[in-house]
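Values below: every heavy atom of this structure, side chains too, minus hydrogens, waters and symmetry copies.
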Amino acid sequence: MLTVAAASAKVSGLAQLRRVAAALWSTGAEVDLSVLDEPVVAEPVVAEPVVAEPVVAEPVAAEPVAEEPVAAPAVPVVPAALLAEYQALLDETAEAARVVLAAAASPVRRRVRRAASAHAAPTSPPPAAAVPTPAPTPETTPAPVPAAAATATETTGATGGNGGTPGTPGIPGTPGAPPSRHRSLRLSVEEQPWWLDHAFFQQPDGWPDTEDTFPLVPMTGIVQLLVEEAEALVPGAVTVRVESVRAFKWLAVDPPVEVTVRAAVDPVATEQAPEGTTVVRTSVDGHARAVVHLAARHPEPPAPWNRFIRGRLEMPCPVEEVYTRRHLFHGPAYQGIRSIEVFGGDGVRGTLESQTATGALLDNAGQLFGYWFACAVDRDRMVLPTTMDSITYHGPHPAPGTLVDCVAHCTELTDDAVRADLELLVDGVLWCRIEGWEDRRFQSDDRLFRVLKQPQPHLLAQPQPGGWMLVREGWPDSPSRDIVMRRFLGVAERADYAGRNPRAQRTWLLGRIAAKDAVRREVLERGLEPLFPVEVQLRNEESGRPVVTTSTGLDLQVSIAHSGSLGVALASVGTPVGIDIELVAERSAIFEAASLSADEHELFVRTSGGDRDRELTRWWAAKEAAAKALGTGLQGRPKGFEVLEVDFHHLRVGDQWVATRSLVHPEPPAVGGVGGPDDPASGQDPDQTPAVAAPASAAREEYIVAWTVPDPRHG
């Protein structure tokens with residue numbers, strides 16, 4: 001069921017109808033706004049949206065059947081009016097969330113008002129960016145973004161609290177608002193090439209589109225930018241503590257991006273802070289926020305916790321190979337793990353080397369913890385940092401080349417996240433303590449985890465008897481789906497994906513994954529150099545027939561189908577092929593009459609065996625597969641593709657034989673045989689469990705898969 005709040009006294013009846021149309025479009029419905037010809041203009045957003053995750057709503061229901069689009073343009077054109085109305089709908093939702101969250105924070109605002117009346121100066125802090133989803137990571141002094149890549153605009157107001165007291169760092173200002181400043185930063189791999197060493201996806205050597213590697217600013221790098229902005233606002237001060245670090249959106253830097261970094265003194269928090277401390281709220285607009293505490297000098301280091309790490313785990317490879325074997329994706333500028341001394345049941349201890357890249361040292365600490373975590377659990381191993389409760393510094397950043405001891409102790413593990421406390425020591429003296437480092441867990445079984453790390457020799461789709469490939473969606477949440485999408489699609493394909501409504505994106509992606517893996521398996525079986533997914537490029541002819549391009553020189557043919565949470569594909573060399581997948585469902589008498597000729601109906605009655613709906617679905621799927629092999633599709637005339645013969649699991653459609661198979665979903669894939677651990681083309685380790693099993697409570701549905709084959713009577 002789809003529920004839309006459209007009625008409003010503030011907008012016209014036509015605008016309310018457009019609101020309903022936009023919501024229907026978001027679930028996959030085809031809508032026509034031409035009858036609502038009054039111009040549609042999205043309402044301006046007054047405040048920055050507060051959203052839990054930068055994703056569109058989950059699809060309302062599984063599509064019964066979806067096949068490759070016929071005569072679809074490379075990038076679907078979405079009417080501007082529809083996009084405007086859809087954006088307005090999202091903006092209103094975001095504004096409602098902002099109001100609710102602001103109300104939840106009302107005790108803080110009441111405290112601000114009391115302080116304002118006492119000191120006769122405005123104390124409301126400026127807005128700090130949105131709320132959480134996955135991305136980036138903290139740090140202080142080294143390797144600032146080059147000045148040529150940044151422009152700074154500073155505004156100042158009255159000093160607040162202890163920030164202006166004698167003997168503490170001064171805050172520039174004049175009577176009025178709290179002191180603040182902001183600057184615009186241009187971030188790119190051309191101007192800061194070290195971001196290329198924090199690129200998430202491995203691609204072929206010399207791959208021309210660096211955007212396909214997804215270079216990101218680590219969360220620790222973002223925190224370093226925030227710290228630098230706070231220290232620029234309070235000259236002469238050093239950062240002693242960073243609190244409430246929240247990263248809620250990837251900060252990708254290819255293509256180049258301009259971001260605004262903001263810092264503003266919080267007078268109320270400064271008033272309540274220890275003597276000599278200035279509290280500054282910072283943000284990178286749309287990406288992250290944190291609260292920075294500054295003082296004249298760092299606090300004396302306390303004794304380390306010296307927490308005991310219990311138990312012992314086996315490392316899958318020597319520490320010297322954690323980067324080369326892609327257990328960690330980082331390039332040279334972010335490769336700082338030098339040794340691992342303790343690899344225990346609840347934590348890890350190792351040695352890091354301070355680097356010059358932005359945020360590198362604390363990112364290395366996060367790598368050490370992330371590597372340990374991936375070895376300690378048996379599912380959802382992939383993690384990325386999203387929050388930190390606090391970072392306390394007890395000295396300046398260690399110089400490049402300094403060896404730093406790091407201890408990470410796991411404090412909490414849930415289905416969605418893992419938390420840890422970390423300490424970093426130089427020569428046995430505590431330099432930095434991080435409390436509440438939290439990594440988000442992304443849904444990924446071992447099969448997907450291997451494909452994300454090293455895609456060349458591994459396949460995500462599973463080979464099936466008959467040679468076709470099956471992929472089951474095991475990443476229902478949007479952030480996990482985004483990572484899978486970026487692993488398989490190149491820059492042009494991502495534009496095609498982005499032009500589709502959220503419901504269509506899911507099924508289209510499943511089909512693309514199945515097709516690319518079907519082609520990659522054909523290449524593997526011929527002993528050729530394994531291909532990355534982006535090296536298999538797919539497009540559709542005017543008829544809708546998919547066309548494959550690779551560097552292999554092979555005449556590769558492929559057919560694609562998808563339905564619900566399943567995608568299937570069949571590939572061959574030199575021979576046209578066809579495949580289809582259909583949900584077994586109740587079929588009306590009208591459907592039967594439109595699908596079968598008189599001769600077919602007689603054959604159907606004679607051979608259906610009493611299960612009408614299932615058999616009618618099988619015949620329809622066979623017709624679709626045969627029509628796809630011809631490169632035309634059914635073209636709206638299913639009776640033109642007659643079933644002439646039925647031979648148990650095979651049907652002859654015209655001159656083309658088609659094999660069929662029943663498939664139940666959800667269902668754990670087989671552990672042995674074709675497509676399981678014993679199949680060398682499956683990309684699966686024999687001692688690992690394949691694919692994600694759906695929850696026991698999920699309703700099971702039956703599908704029919706049909707694919708073209710040679711005449712079964714002739715072997």
Side-chain angles (χ1 to χ4, degrees), residues 50-55 101 128-139 198 200 216-227 241-251 282-284 287-292 305 307 309 328-330 334 344-350 352 359 361-377 379-393 406-424 432-444 449 477-480 482-483:
V50 178
V51 290
E53 288 188 351
V55 295
L101 291 176
V131 171
T133 69
T137 351
E139 190 137 343
H198 200 269
F200 197 75
L216 300 166
V217 179
M219 187 171 78
T220 51
I222 291 180
V223 172
Q224 181 172 324
L225 299 179
L226 298 175
V227 163
R241 185 174 174 86
V242 182
E243 294 178 341
S244 303
V245 179
R246 301 291 183 267
F248 38 87
K249 185 180 180 183
W250 309 113
L251 181 46
T282 63
S283 66
V284 176
H287 294 277
R289 66 166 183 257
V291 178
V292 181
W305 282 323
R307 291 176 178 170
I309 296 176
L328 297 170
F329 63 80
H330 308 75
Y334 284 91
D346 60 356
V348 59
R349 178 172 186 160
L352 315 175
L361 180 53
L362 293 192
D363 187 69
N364 295 158
Q367 293 173 31
L368 184 67
F369 174 61
Y371 175 58
W372 168 84
F373 172 78
C375 298
V377 298
R379 66 176 180 85
D380 298 345
R381 301 168 185 264
M382 187 180 68
V383 293
L384 287 175
T386 57
T387 68
M388 285 179 277
D389 293 343
S390 67
I391 313 166
T392 305
Y393 299 98
C406 178
V407 181
H409 189 271
C410 182
T411 59
E412 184 180 359
L413 175 61
T414 69
D415 289 342
D416 302 319
V418 57
R419 288 171 63 86
D421 294 337
L422 298 88
E423 287 190 322
L424 287 82
C432 174
R433 176 177 286 167
I434 303 174
E435 297 180 76
W437 175 301
E438 182 170 310
D439 285 344
R440 183 211 169 102
R441 299 179 67 178
F442 289 81
Q443 291 185 325
S444 57
F449 190 62
D477 66 286
S478 295
S480 298
D482 185 68
I483 287 178

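- Heavy-atom neighbours of Arg349 CZ from other residues, nucleotides or ligands within 6.0 Å: at or below the threshold of 12.
- Rounded to the nearest 0.5 Å, atoms CG (Leu362) and CD (Gln224) are 9.0 Å apart.
- Side chain of Ser480 to main chain of Phe442: no donor-acceptor pair is present (N/O by atom type, distance under 3.5 Å, no hydrogens or angles).
- When all heavy atoms are compared, the tightest approach of Arg241 to Ser390 is NH2-CB, 3.4 Å.
- Atom-to-atom distance recorded for Glu438:CD and Thr386:OG1 is 4.5 Å, nearest 0.5 angstrom.
- Between the side chain of Arg289 and the backbone N or O of Ser283, no donor-acceptor pair lies under 3.5 Å.
- Asp421 places a side-chain N or O within 3.5 Å of a backbone atom of Gly436 that can act as its donor or acceptor partner.
- The line from CG of Leu368 to SG of Cys406 is 5.0 Å long, rounded to the nearest 0.5 Å.
- When side chains are defined from C-beta on, Val242 counts as touching Val227, because their heavy atoms get closer than 4.5 Å.
- If you take CD1 on Ile483 and CH2 on Trp250, they are separated by 4.0 Å, rounding to the nearest 0.5 Å.
- Contact of the His409 side chain with the Trp305 side chain is not registered, since no non-hydrogen atoms from C-beta on lie closer than 4.5 Å.
- Using modelled atom types, one side-chain atom of Gln367 and one backbone atom of Tyr334 make a donor-acceptor pair closer than 3.5 Å.
- Residues Ala365 and Leu422 come closest through the heavy atom pair O-CD2, 3.7 Å.
- For the pair Phe373/Cys410, no side-chain contact is recorded, criterion being any heavy-atom separation below 4.5 Å from C-beta on.
- Looking at Leu226 and Val284, their side chains come closer than 4.5 Å, going by heavy atoms from C-beta outward.
- Minimum interatomic distance between Ile309 and Gly347 (heavy atoms only, all atoms of both residues): CG2-O, 3.5 Å.
- Listed by chain and number, the residues in a ring-ring contact (aromatic ring centres under 6.0 Å, His included) with Phe329 are His198, Phe200 (sequence neighbours excluded).
- Ring planes of Trp372 and Phe369: parallel class, angle under 30° (limits at 30 and 60°).
- Here the CE-CZ distance, from Met388 to Arg246, works out to 9.5 Å after rounding to the nearest 0.5 Å.
- A salt bridge does not link Arg433 to Glu435: none of the charged nitrogens lies less than 4.0 Å from a carboxylate oxygen.
- The side-chain heavy atoms of Val245 and Ile222, taken from C-beta on, include no pair separated by under 4.5 Å.
- Arg441 is listed as a side-chain neighbour of Leu413, based on a closest heavy-atom distance under 4.5 Å.
- Residue Asp389 holds its CG atom at 11.0 Å from CD1 of Ile434, rounded to the nearest 0.5 Å.
- Using a 4.0 Å cut-off between charged side-chain N and carboxylate O, Asp346 and Arg307 make no salt bridge.
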